[in-house]
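All remarks here apply to the structure that follows.
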Amino acid sequence: MPPRLRPSSLPSTSNVIPIPQSFSSSPLLPYLLPSYHIYTTSSSSSSSSCRNFSTSEPSYRRARFEKTPGTRNGFIEWMSKFGGRYNVPSPTNNIPVYMVYQPTPLPKSAPESLLVKKREKGVSRKQAKMGAIDWDLARKRAEYAPFPSNPSFKVHPVISTEFREQIYLRMKADRSVKRISAELNCELERVAAVIRLKEIEKRWIEQNRPLCTEMQKCVHAMMPVTQYTPFPQHESITDLRIHPATNNQLFLAVPESLPFNRKDAAEALGILPADIRMPHSELIEVERMKQAGVEVQEMIKIETEREQREAEEAKAKRERREKRLGAAKVVETERFRFRLKPANAAAVGYRYGVPAEDRKRGINKIPTRVV
Amino acid sequence: MARTKIFALKRPYPRQSWNKQAVYNLFRYRTPGTSRRTFYQQKFRAKQETRRFHGEYLTERKWNSMFRHTLRGVLRMNPAAMARGDGSSVVSGRGSGTDLLPMRLKDVEGYEGFPTKEMKTQPIPFAQMTFAPLERRLDTAVYRALFASSVRQARMMCLHGKVMVNGVKMPHAGYMLNPGDMFSIDPLLVMRAVGGPQRVAFKQLSTQAKSDLQKAIEEAQSKTKSSTFLKASNKKVLAGNADAEVDTETFTAAGVKATGEGEGETSEEKAVGATAEEESTGGKRKFHLPSDWRTYLPKHPRWKIYDEWKPKRFMNLFAFIPRYLEVNHHICHAVYLRHPVARSGSAEVPNPFNTEIMQLAYNWYLRRR
């Protein structure tokens with residue numbers, strides 16, 4: 001029995017949204033991948049990428065620019081007091097150290113006035129306030145929120161170097177980007193980019209160009225990193241882009257007796273349904289088969305066929321494009337290689353003798369794309 | 001004209017920089033109060049605050065032309081729930097839906113009908129995406145990829161022609177990256193930009209080092225070589241003397257001190273000095289070092305930064321890479337995957353402002369205010 005992702009192995013504290021059993025891809029994926037066992041040999045570290053995101057409250061109670069006593073508006077004193085505490089070039093256990101306000105906002109359950117009133121004898125106001133702060137929580141929050149005043153910006157972990165190597169190995173094993181993405185729970189674009197970057201890295205190694213390994217190591221030590229595990233849960237791969245057409249209200253009269261489903265809604269809005277627009281839409285079909293109780297071997301067969309079909313389609317498309325581009329008649333001269341294409345003489349193209357507009361005011365000369 | 005004093009301590013504002021004063025200002029930063037202010041005043045203040053952080057070197061006219069009122073967001077879809085139904089249960093009946101269980105909660109383990117506070121999805125902070133168009137700029141992307149310690153430094157790298165986009169030199173800091181664009185910088189430049197202070201060149205010598213150096217130079221000169229040769233290959237010169245080894249480490253051991261730690265040096269030693277006098281155990285000795293003695297010393301090798309790299313101060317406070325970038329620090333290349341988006345509970349544009357302020361700033365930039 002191959003290892004499965006169990007919700008019980010994930011961190012389950014009270015303030016975390018329970019994670020669905022299937023994070024984004026199907027838990028059946030291991031069955032659908034014929035040679036999944038190749039990559040299950042690495043050590044089973046318990047570190048999970050499922051982060052315990054929590055938010056911090058803005059500290060609106062405090063003065064805007066607190067003037068600290070000392071020279072230069074308190075800067076020198078702050079540097080001696082906090083400068084060292086915030087500058088942590090190599091954090092312990094690779095737990096990132098981001099900025100925390102001191103003091104952090106008080107917990108909401110205990111109002112400030114109450115804490116001060118109910119303090120014990122011999123405890124100052126300040127001590128009572130500081131004692132009420134849950135420093136562990138503050139530290140935990142700061143792990144993923146580099147700006148304590150903005151709780152909606154959270155740091156997402158990056159993938160480790162080993163993880164990248166695994167992506168590259170799978171590409172070398174002739175797996176499609178789509179399949180690698182589904183296996184490793186990385187966005188499609190990320191997988192493609194990692195492969196591109198890895199290719200350059202390999203070329204540099206071949207050319208004996210030095211790599212900045214020390215910098216890579218230091219930088220990764222300072223930020224949250226997703227380590228490679230047999231079935232990593234790095235990020236959601238089925239993120240659907242909110243279509244601008246869905247932002248506007250649309251009033252549509254529909255009969256009560258007839259069902260109105262996603263497809264109908266998309267048709268009314270004039271867009272493709274979410275089942276098609278969603279990346280990795282093939283996972284819906286996999287889930288459907290799973291719910292219908294299709295045999296695992298049968299599912300693997302169907303999925304393999306689908307992959308082959310898609311690969312063939314992509315190949316045919318590429319060939320057609322090449323054929324279309326190569327259709328131009330080529331005339332080789334000493335200096336130039338003319339590629340003659342059929343042109344429409346009636347349309348206005350580039351005109352000789354007419355001054356270019358790029359010197360005009362307001363015309364942007366910055367290129368819009370680099371091929 | 002862009003403001004030059006951007007890290008002022010008297011009137012501090014958050015800036016996109018790892019500068020120590022910028023860090024202090026960010027630490028001190030508190031969101032402005034909105035009480036006793038008109039809506040217009042609140043919006044204006046919010047616009048001021050946010051623009052000081054986002055592209056403060058851009059004119060308002062330039063930024064206005066980049067601003068878009070459409071904000072990007074994504075929804076996480078659950079394939080299992082989508083396979084279970086075609087979505088008709090959400091609007092069935094009279095349009096309010098017969099299925100009381102929201103689709104996103106169907107797969108939640110241990111769910112018993114009533115969503116708790118934690119289970120409720122957080123709203124998408126669309127307002128945080130107000131300055132997302134700036135994230136497309138090449139200079140900002142270079143800063144976000146941790147290739148520069150401030151946006152201004154990144155901008156300078158671009159303008160000096162150090163940044164390549166898809167292998168082509170791109171000297172425009174305002175180039176708007178397209179999804180899939182790869183940008184790169186020379187690793188040495190990156191390591192210097194985001195690295196700590198490097199070892200400094202030698203300035204003063206101890207007695208032992210001086211005698212070693214003089215011996216080496218004399219010996220080398222006796223071999224009837226031109227001085228230009230000596231300069232070109234100072235290592236060879238010093239290698240001629242068995243006592244004076246070429247390694248930097250040996251020189252440090254022999255007493256050559258870097259300026260950073262050179263506190264106990266005698267005042268009579270002059271950096272310019274062609275002749276230096278020194279008391280030694282044997283008595284008075286005179287060294288006749290040429291005025292350009294520093295050129296004979298082994299330099300700190302260029303490649304050492306690859307092994308001895310240390311992060312710049314306070315780098316850890318800003319060490320995060322947004323999800324729309326994929327960075328490889330081994331080769332200092334990065335890919336701009338897609339435009340930044342907002343999702344439930346989080347947005348991809350890093351800034352220290354809460355949603356209320358961003359909402360006000362967004363309202364300011366809508367044409368009708």
Side-chain angles (χ1 to χ4, degrees), chain A residues 7 15 17-18 20 22 58 62 64-66 72-73 75 78 86-89 97-99 146-147 149-150 152-156 158 189-190 193-194 197 200-201 204 210-212 214-216 218-219 222-223 236 238-242 244 259-262 278 283-284 287-288 291 366 369-370, chain B residues 9-10 12 24 28 30-32 70 73-77 79-80 82-83 86-88 91 107-110 118-119 125 128 146 165-166 168 172 174-175 178 187 191 306-307 309-311 313-314 316-317 319-321 323 326 328-331 333 335 337-338 346-347 350-355:
Chain A
N15 60 343
I17 302 166
S22 59
R62 308 182 63 214
R64 188 170 138 68
F65 291 130
E66 195 179 301
R72 298 191 64 202
N73 289 26
F75 171 63
W78 181 84
Y86 282 135
N87 181 30
V88 189
V97 178
Y98 294 126
M99 191 174 276
F147 301 110
S149 50
N150 179 12
S152 64
F153 177 70
K154 289 158 195 161
V155 176
H156 198 268
V158 295
E189 296 97 334
R190 190 176 308 282
V194 163
L197 293 167
I200 297 173
E201 197 185 310
W204 279 33
L211 302 180
C212 316
E214 186 64 26
M215 181 163 71
Q216 170 83 64
C218 282
V219 166
M222 286 190 284
M223 57 173 75
S236 161
T238 50
D239 277 347
L240 178 71
R241 169 101 159 74
I242 296 172
F260 188 78
N261 55 22
R262 280 196 292 271
M278 188 181 89
L283 291 178
I284 300 173
E287 289 288 344
R288 216 167 266 156
Q291 282 159 23
I366 301 175
R369 66 179 66 244
V370 182
Chain B
L9 291 168
K10 200 169 181 183
Y24 178 52
R28 281 196 295 173
R30 298 294 177 271
T31 47
T70 46
V74 291
L75 294 171
R76 205 175 99 183
M77 305 304 278
M82 287 172 89
D86 57 357
S88 56
V91 290
D107 264 12
V108 175
E109 200 117 317
E118 287 83 26
M119 275 178 177
Q128 291 284 347
L146 304 180
V165 175
N166 293 341
V168 177
H172 305 287
Y175 171 72
N178 298 311
M191 281 191 288
Y306 283 98
D307 302 333
W309 186 84
K310 289 275 173 295
R313 178 159 54 179
F314 296 128
N316 58 303
L317 298 182
F320 51 82
I321 294 171
R323 275 174 80 171
E326 178 59 39
N328 192 333
H329 275 100
H330 276 143
I331 50 175
H333 279 55
V335 177
L337 302 178
R338 52 180 169 73
S346 71
N351 65 50
F353 308 106
N354 58 26
T355 313

Seminar exercise, completed: Cut-off 4.5 Å, heavy atoms of chain A, and the answer for B:Val165 is both
For this session: Answer whether the closest heavy-atom distance between the side chains of B:Asp307 and A:Glu214 falls below 4.5 Å.
Result: no
Problem set entry | side chain to side chain contact (heavy atoms under 4.5 Å, CB included) involving B:Ala347 - partner list, sequence neighbours excluded | B:Pro125, B:Gln128, B:Met129, B:Ala342
Exercise. What part of A:Glu201 gets closer than 4.5 Å to chain B, counting heavy atoms only: side chain, backbone, both or neither?
Worked result: both
For this session: Measure the spacing between SG of A:Cys212 and CH2 of B:Trp309 and express it to the nearest 0.5 Å.
Result: 9.5 Å
Problem set entry | Heavy-atom proximity to chain A below 4.5 Å, by part of B:Leu317 | both
Problem set entry | A:Pro244 versus chain B, the contacting section by heavy-atom distance below 4.5 Å | neither
Exercise. With respect to chain B, which residue among A:Met278, A:Arg288, A:Glu189, A:Arg241 yields the maximal number of heavy-atom pairs within a distance under 4.5 Å?
Worked result: A:Arg241
Exercise. Considering only heavy atoms, which portion of B:Arg338 lies under 4.5 Å from any heavy atom of chain A: side chain, backbone, both, or neither?
Worked result: side chain
Exercise. When heavy-atom pairs shorter than 4.5 Å are enumerated against chain A, which of B:His333, B:Glu326, B:Lys310, B:Met191 gives the highest number?
Worked result: B:Glu326
Problem set entry | Heavy-atom side-chain proximity of A:Phe75 to B:Pro12 below 4.5 angstrom | no
For this session: Mark yes or no for whether A:Asn73, through its side chain, and B:Leu9, through its backbone, hold a donor-acceptor pair below 3.5 Å.
Result: yes
Seminar exercise, completed: Honestly, the part of B:Asn178 sitting under 4.5 Å from a heavy atom of chain A is side chain
For this session: Give, for atom CG of B:Asn351 and atom CG of A:Asn150, the distance between the pair rounded to the nearest 0.5 Å.
Result: 5.0 Å
Problem set entry | Side chain, backbone, both or neither of B:Phe320 within contact of chain A (heavy atoms, under 4.5 Å) | both
Problem set entry | Segment of A:Met215 engaging chain B (4.5 angstrom heavy-atom cut-off) | both
Exercise. Do A:Met223 and A:Tyr98 have side chains that get closer than 4.5 Å, going by heavy atoms?
Worked result: yes
For this session: Under 4.5 Å heavy-atom distance to chain A, tell me which part of B:Ser346 shows up: side chain, backbone, both or neither.
Result: both
Seminar exercise, completed: Assert top hit (heavy-atom pairs under 4.5 Å, partner chain A, pool B:Val168, B:Val335, B:Leu337, B:Leu75) equals B:Leu75
Problem set entry | Short side-chain to backbone donor-acceptor contact, A:Arg190 and B:Arg323, under 3.5 Å | yes
Exercise. What pairs with A:Val88 under side chain to side chain contact (heavy atoms under 4.5 Å, CB included), at least two apart in sequence or on another chain?
Worked result: A:Pro91, A:Val97, B:Asn316
Exercise. Using non-hydrogen atoms only, which part of B:His330 is less than 4.5 Å away from chain A: side chain, backbone, both, or neither?
Worked result: both
